[in-house]
Amino acid sequence: MPANLPASSSTATGTYLLRNASILGRASADLLISGGLITAVGESLEAPQDAVIIEAAGLIALPGMVDLHTHLREPGREDAETVETGTRAAALGGFTAVHAMANSNPVADTAGVVEQVYSLGRRSGWVDVRPVGAVTVGLEGERLAELGAMADSRARVRVFSDDGKCVSDPVLMRRALEYVKAFDGVIAQHAQEPRLTENAQMNEGEVSAVLGLAGWPAVAEESIIARDVLLAQHTNSRLHVCHVSTAGSVEIIRWAKERGINVTAEATPHHLLLTDDLVRSYDPVYKVNPPLRTGADVQALRRGLADGTIDIVGTDHAPHPSEHKECEWAQAAMGMTGLETALSVIQHAMIDTGLMDWEGFARVTSITPAAIGAVETQGRPLEPGEPANVILVDPSAVRIVDPNKMASKGRNSPFAGLELPGVVRATFFAGHPTVLDAALNTPHPVSSEESAWIG
C-alpha cells in the first residue's frame, strides 16, 4: 500500500486520498478524507495539493470495526493489559471503537471509574474507548450500581454488563432492564446459571466425558437467555446477550426475535471457528468462558450470524499474564485474546465459506454494534460528510498468527501458528491514520479542550 507520507502526517486535520479502493467489496472508487470527514467519493478524484495519496487498488474499504466486548483490564490489572496497549491492538485489528468491560479493579460501577477509563482512552488516541458500566455493585449481583450516574457522566455510558458474572437474580435483572429504559440503555448479559456450572472446566459432552473434566452444560447458558428474553418482553426494554455459544441459544434468540422482543446477540470469533475437541491437548489457551462447544454449535452460530439471528461479532478480548495461562488446566484463567485476529477469523469462517459478503461483514462488525452501543460517529456509511472512521483490508493476504508480535500484552491467542487470511493495511480514526502499511503510525492527537479536561 504505497503512501507518500509527509512529516505532518500526524496532524488531526490532514488530507488523504485513498485511490481505487473497493467500497464494501464492490466497485472501486476514490475516497477523499479531510478534517476528520469523508469529503468526496468517486472515480478519478483530483488530489488536493496537500493530500497524502494512498494507492488502495486491491484493498477493500470498510467502516472501522466496533467491538462491543473488550477487556482492557485498566484500572488495577495493568499486568494483563492497559488502555494504551489494548487500543494499540485494536487499531492494528481494524477497530476504531471498543467498549471496555467493567470487570477492572476497582470495578467500573461508579461515574468516577467510567470517567477514568474514558479519559485514558482519549489520552491514548488509538480508538474511541466507550466504558461499559457494571450492572451491580462490585459485580456481586446484590444491588444495582450507579446506572443513572454513569449514564449522565462524561463517559455517557449506555451499555451495562457484569460480564464474567451472570446477573442471576431475576428480580435484580428485571429492575436493571426497567432502569435503563429512561436513557435507552442496554443490559448485556453474561448468560451462565452459576449453580449449573459450579467447578465446570469445559463443555459438557463426549470430550469432557473422555477427559474426565467437569462439564459445562449448554442449558446453563440457554436457561438464562430464555428467562431474560421473557423479562425483556415484560419490561419492553433492551437486552443484549454476550458471547452466545450453543445451537440451542441461537434457536431461543430466533424465537424471541420472531415475536418482536428487543434482543440482540453476539458471537465471538473463537466460537465461530474452534471446538471443544481442542481441549484434548489440555492446553489452557483453549480455556474460555463460555467454553468452546461442538462442531454442530459452531455451524449453528455461523448460520445464525449469516441470517441475522446473531447480530454482531464481539471479540471478548481477554488478555492474561502468562503465568495465569501457562499452568495446569484446572488453575488456568479463562479467556483468549482476539482484537488483532478478529477480522481474519471472520473472513475465514464467514466470507471465504460464502456465508457472508463484505457488506455483511460491515453490518456485524461495525454498523450494528455501533447502533447497539449508541456510538453515533461509528458504523457510518462511507459517504461524503460522514466521520472518517475507515479501514483498508487486503483480503488476499495471508499471515501466520504470532502472539509474540502482537501489540496486546496478552499472549493467550488460541490462533497461534494458524495461517489466516486478511490483513488490515490502514486504519483511519476520525480522519487520522493510526495504522499504515499494517503497522502502527501515530495516535489521534488530543484536542486542547480534551487535554485540559484529562489533565
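Computed over heavy atoms, backbone and side chain alike; hydrogens, waters and symmetry mates excluded. Start at 1 with the first residue, then count along the sequence.
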For a quick test of reading the model, state the closest non-hydrogen atom pair linking [X] to [Y] and the distance between them.
X	Y	answer
Pro284	Ala332	CB-CB, 3.4 Å
Leu382	Ala61	CD1-O, 3.6 Å
Leu339	Gly86	CD1-O, 3.4 Å
Val114	Ala108	CG1-CB, 3.9 Å

Residue pair Val298, Leu273: steps toward the side-chain contact (heavy atoms from CB on, under 4.5 Å) verdict: CA-CA 7 Å; Val298 168; Leu273 186 60; 5.9 Å; no
Evaluate whether atom [atom1] of [X] has more than 12 neighbouring non-hydrogen atoms of other residues, nucleotides or ligands under 6.0 angstrom away.
X	atom1	value
Gln299	CD	yes
Glu323	CD	yes
Asn199	CG	no

From CA spacing to verdict: side-chain contact (heavy atoms from CB on, under 4.5 Å), Trp329, Leu213: CA-CA 10 Å; Trp329 177 276; Leu213 293 176; 4.0 Å; yes
Quick one: does [X]'s side chain get under 4.5 Å of [Y]'s, heavy atoms only?
X	Y	result
Asp228	Val263	no
Leu305	Met350	yes
Trp126	Thr427	no
Asp311	Lys257	yes
Phe428	Ile54	yes

Residues Thr246 and Arg293: side-chain donor-acceptor under 3.5 angstrom: no
No-hydrogen, no-angle side-chain donor-acceptor test under 3.5 Å, Thr275 and Asp277: no
His317/Glu81 under side-chain contact (heavy atoms from CB on, under 4.5 Å): CA gap, chis, key distance, verdict: CA-CA 10 Å; His317 175 77; Glu81 192 78 283; 2.9 Å; yes
Derivation and outcome, side-chain contact (heavy atoms from CB on, under 4.5 Å), residues Asn404 and Arg411: CA-CA 6 Å; Asn404 293 317; Arg411 298 291 177 260; 3.7 Å; yes
Residue pair Ser344, Arg399: steps toward the side-chain hydrogen bond (donor to acceptor under 3.5 Å, both in side chains) verdict: CA-CA 9 Å; Ser344 295; Arg399 58 170 173 158; 3.2 Å; yes
side-chain hydrogen bond (donor to acceptor under 3.5 Å, both in side chains) assessment of Glu78 paired with Thr82: CA-CA 5 Å; Glu78 291 83 359; Thr82 65; over 6 Å; no
Where at least one partner belongs to residues 18-31, residue pairs that pass salt bridge (charged side-chain N to carboxylate O under 4.0 Å, His left out), sequence neighbours excluded: Arg19-Glu55, Arg26-Glu359
Residue pair Ser408, Glu340: steps toward the side-chain hydrogen bond (donor to acceptor under 3.5 Å, both in side chains) verdict: CA-CA 8 Å; Ser408 170; Glu340 293 169 78; 4.9 Å; no
Listed once per pair and sorted, the ring-ring contact (aromatic ring centres under 6.0 Å, His included) pairs that draw on residues 61-92, sequence neighbours left out: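 Sorted pair list: His69-His71, His69-His243.
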Carboxylate-amine/guanidinium proximity below 4.0 Å for Glu84 and Arg88: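 Looking at Glu84 and Arg88, the cut-off is met.
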The single option from Leu18, Thr39, Thr15 passing side-chain contact (heavy atoms from CB on, under 4.5 Å) against Ile33: Leu18
Steps toward salt bridge (charged side-chain N to carboxylate O under 4.0 Å, His left out) verdict (Asp184, Arg158): CA-CA 7 Å; Asp184 194 28; Arg158 290 296 179 270; over 6 Å; no
